[in-house]
Asker: 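Submitted below is the structure of interest, expressed as structure tokens.
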Amino acid sequence: MTALEEKGCEFGLTLPSHDSLLRMLKGWEKGDHEPSDFYRSLWALVYDAPERMLFAELPPSALSVLGLGLVAVESTTADGQGDPMKRRNVLLGGSLLGSFAFVSPPDPYRIGMSEVREVSFAARSLQRWDRQFGGWVPYQAAAGYVDSAIRLVRGSYPDRVRHQLLPAVADLCAVAGWIAYDIGRFDESQQYFALGVQIAQQGEDAALAARLLCDMARVNADLGNPMQSVELLGLANHLTGQSEVTPTVMAKVSSMEAKTYAILGRPEPCQRALSAAESQLARGTSSKDPTWITYFNDAQLSGVIGSCFRDLAAFDPRQALRAEEPIRHAMAMRGKEQIRNQALDRSNLATARLRRRELDGAAEQAQAALEVAARLKSHRVNMRLRMLAKQATLFKRQHADLAVVCDRIDLLPELA
């Protein structure tokens with residue numbers, strides 16, 4: 001029985017046969033017809049998400065060119081069994097969002113460049129706010145801004161505005177996705193990223209769509225779904241290969257590929273991807289670099305490199321020593337406003353030192369990370385510190401300072 005059928009039974013509804021439901025689902029994804037209000041409401045109940053999030057009211061998406069809908073429907077579990085309507089979520093994190101695109105009547109409101117500038121300003125402001133503090137307040141603000149921006153997308157505007165507005169809204173979705181992820185709302189995070197991919201495709205911005213697919217891949221990797229990350233990265237690489245993308249954007253894609261392979265414990269492809277990212281970033285910035293990629297600089301890449309070797313050290317402790325230099329470089333280059341990045345850098349360095357059995361250094365950096373974390377409301381930072389404390393359990397009797405900092409980590413508040 002599918003999830004949709006289960007929900008129908010729960011409410012005493014009579015639904016078509018299983019095969020008929022599957023045919024309807026494929027028809028919706030292809031854009032052959034639209035779901036009725038009844039099925040919209042029912043799917044919203046199944047996924048416990050608002051209809052506005054599941055059914056982005058946009059023109060037919062170019063995502064069909066990538067085969068996102070097809071891959072999502074036909075992906076199978078290892079044994080080839082299971083519910084096909086559940087398997088269809090493999091790529092898009094449990095959301096119907098990324099592969100549903102339906103025509104809807106335009107809003108009569110006329111949109112101009114002033115609205116585009118407001119959306120772009122909101123994205124950057126929310127990003128700075130979140131990096132400094134994190135927590136529910138920027139999340140709630142981001143959710144409200146996305147709702148308003150989606151209404152702008154449904155407005156009336158000339159092509160000149162369209163090519164600026166849609167990428168700006170997609171970028172706002174990316175910011176909202178990371179804010180949601182940071183407070184532990186993982187499903188909503190994926191929904192925002194998937195919505196951003198769809199809007200970026202409508203705006204014919206392949207680079208931004210690829211960036212959002214990389215963001216989805218990173219979240220899946222962090223949550224223990226690295227094979228899904230590989231599939232998403234494949235789609236991102238397909239996009240970058242079909243369009244003109246700047247070296248900085250390519251460096252971002254390569255770095256996320258390296259991160260995924262590190263989590264999988266595969267040092268050779270990880271190193272190849274890191275080398276590619278370093279070479280691409282070394283080519284320098286371009287006048288064609290989009291505003292949303294300006295954050296990806298030497299410090300950001302160094303942080304990714306360090307975290308890759310930290311992850312590889314879980315399989316081969318010798319890799320931990322290689323994490324030290326790039327993480328310390330990232331720490332030295334971070335801006336003062338990047339408080340969350342500072343906390344994550346120190347947590348990564350503490351973890352790498354712990355895997356080298358350098359307990360003094362691990363305790364020192366864990367304490368420093370804890371002090372920075374106290375200034376934030378970040379589920380992601382607290383989760384990383386708890387993982388560090390769990391790994392340090394075996395050494396608490398050997399090292400008093402490490403035991404103290406682990407006990408303090410245990411007192412961190414639950415923010416999810």
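The analysis underlying the following values was restricted to heavy atoms, covering all of them including side chains, and did not include hydrogens, waters or symmetry mates. In what follows, residues are counted from 1 in the order of the sequence shown.
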Asker: Any salt bridge between Arg356 and Glu324, counting N to O under 4.0 Å?
Answerer: yes
Asker: Just by distance, do the side chain of Ser302 and the backbone of Ala330 share a donor-acceptor pair under 3.5 Å?
Answerer: no
Asker: Starting at CD of Glu364, measure out to CG of Leu402 and round the result to the nearest 0.5 Å.
Answerer: 12.5 Å
Asker: Is a donor on one side and an acceptor on the other found under 3.5 Å between the side chain of Ser307 and the backbone of Val304?
Answerer: yes
Asker: Within the side chain of Glu257, is there an N or O that forms a donor-acceptor pair under 3.5 Å with the backbone of Asn237?
Answerer: no
Asker: Any side-chain donor-acceptor pair under 3.5 Å between Gln365 and Arg346?
Answerer: yes
Asker: Tyr295 and side-chain hydrogen bond (donor to acceptor under 3.5 Å, both in side chains): which single residue from Arg124, Lys252, Gln127 fits?
Answerer: Lys252
Asker: Please output the side-chain donor-acceptor pairs of residues 309-316 that fall under 3.5 Å, not counting sequence neighbours, one pair per line with the distance.
Answerer:
from, atom 1, to, atom 2, distance (Å)
Arg310, NH1, Asn348, OD1, 2.3
Asp311, OD2, Lys259, NZ, 2.6
Asp316, OD1, Arg318, N, 3.2
Asp316, OD1, Arg318, NE, 3.0
Asp316, OD2, Arg318, NE, 3.3
Asp316, OD2, Arg318, NH2, 3.0

Asker: Applying the salt bridge (Lys or Arg N to Asp or Glu O under 4.0 Å) test to Arg211, which of Asp171, Asp289, Asp205 qualifies?
Answerer: Asp171
Asker: Are the side chain of Ser347 and the backbone N or O of Ala343 linked by a donor-acceptor pair below 3.5 Å?
Answerer: no
Asker: Working to the nearest 0.5 Å, report the span between CZ of Arg386 and SG of Cys406.
Answerer: 12.5 Å
Asker: side-chain hydrogen bond (donor to acceptor under 3.5 Å, both in side chains) with Thr285: which residues, sequence neighbours excluded?
Answerer: none
Asker: Please report the interatomic distance OG(Ser378) to CG(Leu344), rounded to the nearest 0.5 Å.
Answerer: 6.5 Å
Asker: Under 3.5 Å, is there a donor on one side chain and an acceptor on the other for Gln300 and Arg334?
Answerer: yes
Asker: Do Met331 and Gln342 come within less than 4.5 Å of each other through their side chains, counting heavy atoms only?
Answerer: no
Asker: Measure the spacing between CD of Gln280 and OG of Ser254 and express it to the nearest 0.5 Å.
Answerer: 3.5 Å
Asker: Does a side chain donor of either Gln202 or Gln198 reach within less than 3.5 Å of an acceptor in the other side chain?
Answerer: no
Asker: Between Trp178 and Phe193, is the gap from one ring center to the other below 6.0 Å?
Answerer: yes
Asker: Under 3.5 Å, is there a donor-acceptor pair linking the side chains of Arg322 and Gln271?
Answerer: yes
Asker: Would you sort out whether Gln319 and Arg355 count as a side-chain hydrogen bond (donor to acceptor under 3.5 Å, both in side chains), showing the intermediate values?
Answerer: CA-CA 9 Å; Gln319 299 282 358; Arg355 286 173 177 163; over 6 Å; no
Asker: May I ask you to decide if Ala389's main-chain N or O and Thr393's side chain share a donor-acceptor pair within less than 3.5 Å?
Answerer: yes
Asker: Which heavy atom of Leu166 sits nearest a heavy atom of Ile199, and at what distance?
Answerer: O-CG2, 3.2 Å
Asker: Mind checking what makes ring pair (Phe, Tyr, Trp, His ring centres under 6.0 Å) contact with Tyr261, not counting sequence neighbours?
Answerer: none
Asker: In Å, rounded to the nearest 0.5 Å, how long is the span from CG of Asp130 to CG of Leu376?
Answerer: 9.0 Å
Asker: Treating Ser189 as the side-chain partner and Arg185 as the backbone partner, does any N or O pair qualify as donor plus acceptor under 3.5 Å?
Answerer: no
Asker: Between Lys396 and Asp407, does any side-chain N to carboxylate O distance fall below 4.0 Å?
Answerer: yes
Asker: Can you tell me how far the CG atom of Leu394 sits from the NZ atom of Lys390, to the nearest 0.5 Å?
Answerer: 11.5 Å
